[in-house]
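The structure presented is a predicted model; accordingly, all values stated were derived computationally and were not measured. Just so it is clear, the values below take in all heavy atoms, side chains as well, and ignore hydrogens, waters and symmetry mates. Quick note on labels: first sequence line is chain A, next is B, and so on, each numbered from 1.
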Number of protein chains: 2
Amino acid sequence: MREQLETLTEGNETSEGSGRNTLRYIMLGLLWARPMSGYDIKQTFERAIASYWNAGNSQIYTTLKNLHKAGLIDAEIIVQTSRPNRKVYRLTRAGEEELSRWLQEDVPERFTKDEFLAKLFFCGETSDEVALVHLRSHRESLLKQLAHMDWARREYGSRPVRRPHLLEYQLLVREYKEAVLKAGLEVTENAIARLEQRLNAPSS
Amino acid sequence: MREQLETLTEGNETSEGSGRNTLRYIMLGLLWARPMSGYDIKQTFERAIASYWNAGNSQIYTTLKNLHKAGLIDAEIIVQTSRPNRKVYRLTRAGEEELSRWLQEDVPERFTKDEFLAKLFFCGETSDEVALVHLRSHRESLLKQLAHMDWARREYGSRPVRRPHLLEYQLLVREYKEAVLKAGLEVTENAIARLEQRLNAPSS
DNA sequence: GATTTCATGTAACTTGTTACATGATTGT
DNA sequence: ACAATCATGTAACAAGTTACATGAAATC
């Protein structure tokens, strides 16, 4: 049914096997904007991206090595005296092309995973009290995420930008995420209120 | 604050290493409600859970084997003549206890991953036209998910239920998911409108 | 004196995805 | 004839997580 084209003509330097490699492309996207070290990348994740994608240091550093091996980024060691040396990476021409290809590629419809909803789904199998605990701590989590977005906006959102066109879409993503968090918060708060009323009411 | 009871008396048959094992618990939760085969479980995912958690057949069948080996579920083969035989699993006492433990356990704050937002974030590095394509197909995807929820509600939402208490939380999860999808849809549609206007307008 | 920040990584493991494999029956 | 439904799996690989390791400088 499905022909085996991938084994034929391609020299496959990029080793595009299966898998989506989203992290690789995010990192290429970040390095396109400016050269960075693994440490810088991790920080950018925390500041701006963590709410819809994140990666640990280990993944970041191994991915940087892979990208380098694949010829998509160049490395340069910045010697520092009173700090550990930095390894700063920048996109190569091939890297730019890969990134541009990915940006134009369709996003497949993929499910998101949400452990909170998964657990809530089964809360009928335990008690309302347990459900209430989960809902309350989820509310705290949502509020914390919203506060973090506010903080990031104040701290990093309004300073002069190298590439103003980038900012527009970054703001859109923020707007999206914020709307989604607020919608979730509203449902959560309503559910908490209902449960509290039921648990406090002199039961029938 | 939180005592470390788990390290004391437990002989840890369940081999709780690292990892969250969310899929295992979801499957325990499903089997608590009624005995099911791997096939049934897959269908339940598609119908009711896929929008915030999903798993392929391969993962489902291997997880069933693991749960069985761990003594959390029992297996029974139902011989069928005009169909392949079914292997129906049901929770053991140990399985019920595991599930109950998980339900009471806190949900850690974990990031969600969203490839659409990740790509959108970098759309300033390509053209508005490309971004518009992504936004439009995301809109279609959201509408499809909302339509699927409607379909599931009509098809499976209103028939008599074995355990009515379960339903309440399942409806809450649905309400949550629906609110979140709608909030995303609104932002998406606004962004599409803005972009369309800009691209059609005789530029300044 | 303790903690945080800067800075880079390795090893071991778990989880998730894709592709492949099989095969009868029922509906269009 | 063709596709879909029922039904269960294996193998190979990619991606993600946790734990561990190091070590100087700055801040509290």
Checklist entry - Between B/E109 and A/K144, does a salt bridge (Lys or Arg N to Asp or Glu O under 4.0 Å) hold up when you go through it step by step? => result CA-CA 10 Å; B/E109 288 191 53; A/K144 212 164 108 186; 2.9 Å; yes
Is any side-chain nitrogen or oxygen of [X] closer than 4.0 Å to OP1 or OP2 of [N]?
X     : N      : value
A/T22 : D/dA15 : no
A/N85 : C/dT8  : no
B/Q80 : D/dC6  : no

Item to check | Stepwise side chain to side chain contact (heavy atoms under 4.5 Å, CB included) test for A/T62 and A/K65 | outcome: CA-CA 5 Å; A/T62 53; A/K65 272 201 173 163; 5.5 Å; no
Using whole Å, report how far [atom1] of [X] lies from [atom2] of [N].
X      : N      : atom1 : atom2 : answer
A/K42  : D/dT17 : NZ    : C1'   : 11 Å
A/I60  : C/dT8  : CD1   : C1'   : 12 Å
A/R86  : D/dG23 : CZ    : P     : 21 Å
A/W53  : D/dG16 : CH2   : C1'   : 10 Å
B/R20  : C/dG16 : CZ    : C1'   : 16 Å
A/K113 : D/dT17 : NZ    : C1'   : 15 Å
A/I78  : C/dC6  : CD1   : C1'   : 15 Å
B/L23  : C/dG16 : CG    : P     : 6 Å

State, yes or no, whether a side-chain contact exists between [X] and [Y] at a heavy-atom distance under 4.5 Å.
X      : Y      : answer
B/L185 : B/L181 : no
A/R20  : A/Y25  : no
A/F122 : B/W32  : no
A/L120 : A/L135 : yes

Checklist entry - With nearest nucleotides of DNA chain D determined for A/A55 and B/D40 from heavy-atom distances, which residue corresponds to the more 5′ nucleotide? => result B/D40
Checklist entry - Base, sugar-phosphate alone, or nothing: which one does B/G56 contact when heavy atoms must sit under 4.0 Å apart? => result nothing
Checklist entry - When you look at B/E168 and A/R198, which way does the salt bridge (Lys or Arg N to Asp or Glu O under 4.0 Å) test go after all the steps? => result CA-CA 13 Å; B/E168 197 188 319; A/R198 192 203 295 175; 2.3 Å; yes
Quick test: give all pairs of protein nitrogen or oxygen and nucleotides 9-12 of chain C nitrogen or oxygen below 3.5 Å, distance rounded to 0.1 Å.
residue, atom, partner, partner atom, Å
C/dG9, OP1, A/K87, NZ, 2.6
C/dT10, OP1, A/K65, NZ, 2.9

Item to check | Lys/Arg-Asp/Glu bridge criterion (N-O < 4.0 Å) met for B/K182, B/E186 | outcome: no
Checklist outcome for this item: Each nucleotide of nucleotides 23-28 of chain C classed B (base within 4.0 Å of a protein heavy atom), S (only sugar-phosphate) or -, in 5' to 3' order, makes B-SS--
Next on the checklist: Go through it in stages, so that I can follow the logic: the residues are A/E105 and A/R101, the test is salt bridge (Lys or Arg N to Asp or Glu O under 4.0 Å), and I'd like the CA-CA distance, side-chain angles, deciding distance and then a yes or no.
Outcome noted: CA-CA 6 Å; A/E105 206 176 64; A/R101 212 187 40 60; 3.0 Å; yes
